[in-house]
A.B. asks: 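Here it is: the structure, laid out below.
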Amino acid sequence: MSEISKAYEPQSVEAKWYQFWLDQNCFTADPARVSESRPAYSIVIPPPNVTGVLTLGHVLNNTIQDILARKARMDGKEVLWLPGTDHAGIATQNVVEKSLKKAGEIKHRNDLGREALVARIWEWKEKYGGIILQQLRALGASCDWTRTRFTMDPEYSRCVSRVFVDLYKKGHIYRGKRMVNWCPASLTALSDEEVIMKEQKGFLYHFKVEVVGSTPASGVAVGAPADGSGRAASSTRSIAADGASAAAPGAGAVPTFLTIATTRPETIPGDTAVAVNPKDPRYAHLIGKHVVRPLPVELPREQKLIPIIGDEHVDFEFGTGVLKVTPAHDKADFEIGQRHKLPVVEVIEADGKMNALAGQDLNGLDRFAARKIAVEKLKELGALEKEEPYTNNVGFSERADVPIEPRLSEQWFLKYPRVTQSKACVAQPGSAPASGADSGVPPESLSARGFSISANVAARSPVGGTPTGAGETPALPEKMQFYPERWAKVYDHWMTGLQDWCISRQLWWGHRIPVWRKEWSGKKPDRTMEGLSVEVLQAELNFENAAKVSFSREPGSESWIRFDNEFKTCFVATWSPAEEQKLVQLGFTQDPDVLDTWFSSWLWPFATMGWTDDKSQDSNNPTLRAFYPTTDLVTGPDIIFFWVARMIMAGYEWMGEMPFRNVYFTGIIRDKQGRKMSKSLGNSPDPLDLINQYGADALRFGIMRSAPQGQDLLFDEQSVELGRNFCNKLWNACRFRQMQSSASASAPGVPPGGTLEQSSGAGSESGSTRRDAGGTTEGTATFEFEADIQTSLLTSDDKWILLKLNAAIREVTEALNGYRFNEAANALYRFFWSEYCDWYVEATKAVLQLPDDPSNPRVAARKQNTLAVMDFVLSNTLRLFHPFLPFITEELWQGMGFNGDLPKDQGGDTIMFARWPKPFDPEFRDFYALDDCYLER
RNA sequence: GGGCGCUUGGCGCAGUGGUAGCGCAGCAGCUUUACACGCUGUGGGUCGGGGGUUCGAAUCCCUCAGCGCCCACCA
């Protein structure tokens with residue numbers, strides 16, 4: 001830093017230092033270095049979609065992870081921050097399909113076919129995938145890039161298959177024909193979590209249907225009572241009960257009508273019953289009779305008779321109290337259908353278009369167009385009684401953003417494993433004594449060791465760990481800690497009502513389900529199953545459980561076989577290539593579906609570390625042994641169910657241990673007006689632009705300073721500006737020091753640095769370990785603070801700033817231990833700007849500007865001492881800042897000639913491994929002659 | 001229908017029992033030899049409403065209201 005510029009110019013330093021860190025392998029984790037004195041610290045990145053580009057959400061998320069990782073390095077830990085990307089099934093397939101369509105190459109994915117499309121997606125992935133990881137480098141993310149993983153790496157895919165087969169054999173995975181959430185745009189099933197409920201304005205259509213099989217006499221009894229729900233009863237007069245007295249002029253019986261309310265008239269052709277509550281006095285007597293379904297119009301009346309059934313599910317307060325039952329297109333209706341053995345008539349196809357069973361008027365129409373036509377038809381028939389504006393919740397496909405269609409289809413389902421254990425492992429608010437993190441450092445009066453304990457260790461070990469770290473803590477079962485804690489309740493609630501997980505997707509991009517199948521024709525499977533062994537025939541006896549077989553007879557190759565009588569199909573699950581080959585030879589075909597993306601990402605914490613499902617191998621895997629369970633997970637609360645909860649279950653199931661000790665949930669980034677960031681609103685600034693304009697440190701600091709724990713964050717570019725200004729302040733404060741240096745008689749260029757920690761390390765003999773001031777310590781591994789500061793010459797200003805520094809160290813450390821990043825950032829800001837710059841630097845000017853007087857050596861000594869204090873404060877400040885502002889601190893660290901605490905060949909020439917400062921030990925109060933009055937100030 | 005969060009000066013937020021703070025914006029000055037991405041000074045809030053506990057409440061309790069999020073098979 002020979003020529004220091006007037007303003008900090010991030011562009012000229014960021015790339016340089018990032019490359020420097022890479023060249024020095026500063027980010028690389030080595031499990032061999034882990035030891036008692038060098039504990040492991042690990043984070044796995046929430047893998048962004050391969051198609052992703054950096055958003056402010058990523059900036060927030062990854063800055064936090066980087067702060068944690070860099071802080072842990074400075075605490076002397078062996079740090080693994082493992083990066084990677086997610087194949088993101090639907091999203092990626094959509095993106096590539098769209099781009100191919102746009103380029104005019106294809107009209108439909110079938111034009112290419114499965115293999116070719118998948119090949120194209122891989123091509124695309126190699127070319128454009130992982131841009132986001134590149135962008136993270138610009139942010140300063142200190143990931144161990146040598147361990148970058150992708151959820152579809154061969155090794156990772158193997159984990160997915162193994163896990164599937166394992167669950168299959170344990171009976172957790174089954175195949176079933178069920179109502180699922182179907183996305184008519186992506187043409188695949190979705191899990192419940194992928195459905196987003198949205199309020200939709202529509203209409204509640206009331207239409208009447210004629211009841212047949214009733215006699216006028218019986219119909220009389222049922223009036224439309226004015227009690228209960230007024231709107232239902234009075235407005236619709238549900239049954240034309242007065243029909244009898246009306247003495248219909250027509251021939252034959254007087255018709256009786258029921259009025260039904262529906263939001264989906266287009267599904268009428270699929271109705272196979274009308275349901276009422278058996279306890280409803282208005283309708284109960286009609287159960288067993290039939291009604292005439294109005295649609296399709298052209299169908300003869302006799303073919304449209306559907307029964308009136310009684311079912312408890314019907315709420316007679318709602319609508320007219322009469323429910324049309326469409327088992328094929330509504331989840332609740334399907335269940336009613338099951339209970340009453342109703343036929344299932346599908347009138348909507350997979351793509352959301354009506355089919356022939358819907359009748360000629362609707363056939364081929366999109367479901368929403370069909371709705372309009374259906375209403376018209378009802379009008380024409382005189383059946384429509386009214387249309388009532390109505391708002392209801394409709395499920396939308398998360399990815400395609402179209403209303404999902406409940407649809408009956410055959411899918412693979414998973415009964416979640418380890419639910420009880422996973423539910424119990426997370427500390428609930430108020431349940432456990434929230435130790436460590438918030439209790440912080442005890443007051444001054446505490447005995448000597450109070451301050452110097454690594455608060456990090458204490459705080460991060462979830463339960464117990466008192467700050468003194470003495471072994472007196474009872475060995476309570478270790479709990480996982482959520483930050484903020486309230487998310488634990490959300491988690492708990494979800495874990496309580498778990499439904500089986502639909503894990504199959506009708507897509508091409510993803511992990512193909514490792515199941516091969518073959519149907520049989522006769523009563524028993526064995527006739528068509530050539531090559532099946534004796535074990536299989538035994539297995540055949542038990543259709544419930546999977547049996548272990550080996551088709552290929554190769555050692556280690558095994559399959560799990562299961563017979564399904566209902567579908568007359570034999571299913572074989574295997575992850576062994578030899579078995580696959582043999583199965584194909586035997587005429588088996590692989591299941592065409594792929595697995596839900598989350599079925600691979602729930603293995604992320606260990607599948608990325610080379611897990612194999614082979615206990616002997618895994619216990620010899622140094623990475624897994626050193627870094628699993630991971631320490632912290634940083635993610636958004638929006639994927640607490642998708643990802644976090646499932647990782648916990650997977651962690652217990654296959655590793656026997658929770659996957660992480662702490663989970664930090666960030667807030668969601670919104671714009672100034674509180675709206676979500678979105679491409680269509682154009683309110684989502686490109687972080688790279690911000691980095692170019694203000695610098696990565698500015699962006700990091702700005703966003704961290706305005707991100708309260710777990711609260712949504714309203715992003716304002718001004719906060720980044722503030723970050724830039726702050727960097728500039730830091731820059732100039734160091735510049736000021738540099739200018740003094742050259743003006744004074746002190747050792748030029750390389751002012752010694754030091755940490756409070758070393759001072760404290762010198763302990764009680766510190767007085768005797770003092771060395772003479774001067775540059776004699778250059779080039780050695782460590783510096784002694786007291787070598788450069790003469791206590792006897794400390795002014796009250798010097799003492800004051802030393803104590804403020806001490807307070808800042810304590811404050812920042814505690815805030816970071818409690819994951820209160822904005823507090824830490826604020827403390828740094830306040831300390832450096834308001835205390836160091838505004839007061840201390842200004843105060844020093846009086847001293848530093850004293851004219852040199854050879855006859856009075858005390859003047860020079862005082863100046864020298866002031867500079868030593870400055871160096872001390874600055875070097876410790878840079879350490880404190882480094883996790884937040886990695887680039888500028890490295891630049892200044894090097895430029896000021898500060899040295900780390902390790903020899904150069906061990907990373908001593910970078911601030912990255914400089915020790916995190918620790919507050920004074922109490923005895924140092926005496927050493928520096930720091931009176932209590934300074935402590936108060 | 002349940003659950004959770006938020007409501008503090010113009011804007012965004014800190015502040016969990018002891019006389020209201022920060023940043024931005026505002027206003028008045030400043031070519032002060034680190035920094036105008038700066039410095040000095042200054043105006044502005046009865047802490048959503050109501051009730052309670054307390055010597056004392058933005059801070060604890062109750063209640064109401066508004067906004068937001070999550071969960072839930074009312075057609």
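The sequence lines fix the lettering, A, B, ..., with proteins before strands; numbering per chain opens at 1. When reading the values below, keep in mind they use all heavy atoms of this one structure, side chains included, and skip hydrogens, waters and symmetry mates. Since the model is a prediction, treat every value here as computed from it, not as a measurement.
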A.B. asks: Checking all strands, does Arg264(A) fall into the base, sugar-phosphate, or nothing category for heavy-atom contacts under 4.0 angstrom?
C.D. replies: nothing
A.B. asks: Can you tell if the side chain of Val419(A) reaches within under 4.5 Å of the side chain of Met495(A), non-hydrogen atoms only?
C.D. replies: yes
A.B. asks: Which is true for Asn393(A) with a 4.0 Å heavy-atom rule: it touches a base, it touches only sugar-phosphate, or it touches nothing?
C.D. replies: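 Answer is base: heavy atoms of Asn393(A) come under 4.0 Å of a base.
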A.B. asks: If you measure from the Lys or Arg side-chain nitrogens to the Asp or Glu carboxylate oxygens, is any gap between Glu266(A) and Lys372(A) under 4.0 Å?
C.D. replies: no
A.B. asks: Specify whether Trp598(A) and Phe642(A) have parallel, tilted or perpendicular ring planes, treating 30° as the upper limit for parallel and 60° as the lower limit for perpendicular.
C.D. replies: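 Parallel: the ring planes of Trp598(A) and Phe642(A) meet at under 30°.
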A.B. asks: Measuring only the P atom in each nucleotide, how far is rU16(B) from rC6(B)? A whole number of Å is fine.
C.D. replies: 13 Å
A.B. asks: Between rA14(B) and rU54(B), how far apart are the P atoms? Round to whole Å, please.
C.D. replies: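 Going atom to atom, P in each nucleotide, I get 31 Å.
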A.B. asks: Answer with base, sugar-phosphate or nothing: what part of the nucleic acid does Leu323(A) contact at a heavy-atom distance below 4.0 Å?
C.D. replies: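 If one applies the 4.0 Å heavy-atom cut-off, Leu323(A) turns out to touch a base.
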A.B. asks: Verify the contact: side-chain N or O of Trp833(A) to OP1 or OP2 of rC39(B), cut-off strictly under 4.0 Å; return yes or no.
C.D. replies: yes
A.B. asks: Look at the rings of Phe641(A) and Trp494(A) and say which category their plane angle falls in: under 30° parallel, 30 to 60° tilted, over 60° perpendicular.
C.D. replies: parallel
A.B. asks: May I ask you to decide if Asn728(A)'s main-chain N or O and Asn732(A)'s side chain share a donor-acceptor pair within less than 3.5 Å?
C.D. replies: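 Side chain of Asn732(A) to backbone of Asn728(A): a pair is present.
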A.B. asks: Would you mind pulling out the nucleotide paired to rA25(B), Watson-Crick or G-U wobble, both distances under 3.5 Å?
C.D. replies: none
A.B. asks: Students often get this wrong, so: under 4.0 angstrom with heavy atoms, is Cys837(A) touching a base, only sugar-phosphate, or nothing?
C.D. replies: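 Base contact - Cys837(A) has a heavy atom under 4.0 Å of at least one base atom.
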A.B. asks: Can you tell me, in whole Å, how much space there is between the P of rG66(B) and that of rU53(B)?
C.D. replies: 28 Å
A.B. asks: From the set rC35(B), rA34(B), rC74(B), return the single nucleotide nearest to any side-chain atom of Phe318(A).
C.D. replies: rC74(B)
A.B. asks: Check every strand shown and say whether Val325(A) touches a base, only sugar-phosphate, or nothing at a heavy-atom separation below 4.0 Å.
C.D. replies: nothing
A.B. asks: With respect to the side chain of Phe641(A), which nucleotide from rG5(B), rG23(B), rC70(B) is positioned closest?
C.D. replies: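 Among rG5(B), rG23(B), rC70(B), the one nearest the side chain of Phe641(A) is rC70(B).
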A.B. asks: Mind calculating the distance between CZ (Phe832(A)) and P (rG23(B)) to the nearest angstrom?
C.D. replies: 16 Å
A.B. asks: Keeping Arg735(A) on the side-chain end and Trp731(A) on the backbone end, is there a donor-acceptor pair under 3.5 Å?
C.D. replies: no
A.B. asks: Specify the separation, in whole Å, of atom CE of Met197(A) and atom P of rC70(B).
C.D. replies: 12 Å
A.B. asks: Which listed nucleotide (rC70(B), rC37(B), rC73(B)) is nearest to the side chain of Ala7(A)?
C.D. replies: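 For the Ala7(A) side chain, the nearest candidate turns out to be rC37(B).
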A.B. asks: Between rA75(B) and Tyr205(A), is there an OP1 or OP2 to side-chain N/O distance shorter than 4.0 Å?
C.D. replies: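 Indeed not, no polar side-chain atom of Tyr205(A) lies that close.
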A.B. asks: If you check every side-chain atom of Glu823(A), which of rC39(B), rA34(B), rG15(B) has the closest atom?
C.D. replies: rG15(B)
A.B. asks: Output the rounded distance in Å from NZ (Lys331(A)) to P (rA75(B)).
C.D. replies: 14 Å
A.B. asks: Rounded to whole Å, please give me the gap between CZ in Arg830(A) and P in rG15(B).
C.D. replies: 14 Å
A.B. asks: In whole Å, what separates the P atom of rU46(B) from that of rA58(B)?
C.D. replies: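 About 13 Å, rounded to a whole number of Å.
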A.B. asks: In whole angstrom, what separates Asp492(A)'s CG from rC4(B)'s C1'?
C.D. replies: 14 Å
A.B. asks: Could you let me know what rU7(B) is paired to, Watson-Crick or G-U wobble, both distances under 3.5 Å, or none if it's on its own?
C.D. replies: rA65(B)
A.B. asks: With both distances under 3.5 Å as the test, what is the Watson-Crick or G-U wobble partner of rC73(B)?
C.D. replies: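 Across any shown strand, rC73(B) pairs with none.
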A.B. asks: Rounded to the Å, how far apart are Glu388(A) CD and rC74(B) P?
C.D. replies: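 One finds 18 Å between P of rC74(B) and CD of Glu388(A), rounded.
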A.B. asks: For Val314(A) and Asp192(A), take the nucleotide of RNA chain B holding the closest heavy atom to each; which residue's nucleotide lies nearer the 5' end?
C.D. replies: Asp192(A)
A.B. asks: Sub-3.5 Å donor-acceptor pair from the side chain of Thr326(A) to the main-chain atoms of Ala328(A), do we have one?
C.D. replies: no
A.B. asks: Would you mind telling me which of rA34(B), rA75(B), rA25(B) lies closest to the side-chain atoms of Asp315(A)?
C.D. replies: rA75(B)
A.B. asks: Can you see if the side chain of Lys6(A) gets near the phosphate of rC35(B) - specifically, an N or O under 4.0 Å from OP1 or OP2?
C.D. replies: yes
A.B. asks: Can you tell me the Watson-Crick or wobble partner of rA34(B), both distances under 3.5 angstrom?
C.D. replies: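 No nucleotide pairs with rA34(B).
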A.B. asks: For a quick check of understanding: with a heavy-atom distance under 4.0 Å over all strands, which category does Arg486(A) fall into, base, sugar-phosphate or nothing?
C.D. replies: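 Sugar-phosphate: the residue Arg486(A), judged by heavy atoms under 4.0 Å, touches backbone atoms but no base.
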A.B. asks: Determine which nucleotide pairs with rC60(B), using a 3.5 Å limit on both distances of a Watson-Crick or G-U wobble pair.
C.D. replies: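 Result: rG52(B).
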A.B. asks: Using the P atom on both, measure rU8(B) against rU59(B) and round to a whole Å.
C.D. replies: 13 Å
A.B. asks: Specify whether Tyr829(A) and Phe701(A) have parallel, tilted or perpendicular ring planes, treating 30° as the upper limit for parallel and 60° as the lower limit for perpendicular.
C.D. replies: parallel
A.B. asks: To the side chain of Lys489(A), which of rG3(B), rA34(B), rA72(B) is closest?
C.D. replies: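 Among the listed nucleotides, the one closest to the side chain of Lys489(A) is rG3(B).
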A.B. asks: Roughly how many Å apart are rC39(B) and rC22(B), using the P atom of each and rounding to a whole number?
C.D. replies: 14 Å
A.B. asks: Name the closest nucleotide to the Ala733(A) side chain, picking from rC37(B), rA34(B), rC39(B).
C.D. replies: rA34(B)
A.B. asks: When the C1' atoms of rU32(B) and rC11(B) are considered, how many whole Å apart are they?
C.D. replies: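 32 Å, rounded to whole Å.
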A.B. asks: Which of the following nucleotides, rA75(B), rA34(B), rC22(B), is nearest to the side chain of Thr262(A)?
C.D. replies: rA75(B)
A.B. asks: Rounded to whole Å, please give me the gap between OH in Tyr829(A) and P in rG38(B).
C.D. replies: 8 Å
A.B. asks: Considering just the side-chain nitrogens and oxygens of Asn725(A), establish if one lies under 4.0 Å of OP1 or OP2 belonging to rG38(B).
C.D. replies: yes
A.B. asks: Which of parallel (below 30°), tilted (30 to 60°) and perpendicular (above 60°) describes Phe482(A) and Tyr491(A)?
C.D. replies: perpendicular
A.B. asks: Starting at the 5' end of RNA chain B and moving along, which residue's nearest nucleotide shows up first, Lys324(A) or Glu842(A)?
C.D. replies: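 The residue whose closest nucleotide sits nearer the 5' end is Glu842(A).
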A.B. asks: Can you see if the side chain of Lys729(A) gets near the phosphate of rC39(B) - specifically, an N or O under 4.0 Å from OP1 or OP2?
C.D. replies: yes
A.B. asks: What interatomic distance, in whole Å, is found between C1' of rG44(B) and the corresponding atom of rG9(B)?
C.D. replies: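 To the nearest whole Å, 6 Å.
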A.B. asks: Just how far, in rounded Å, is C1' of rC69(B) from CD1 of Ile639(A)?
C.D. replies: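 Interatomic distance, CD1 of Ile639(A) to C1' of rC69(B): 17 Å.
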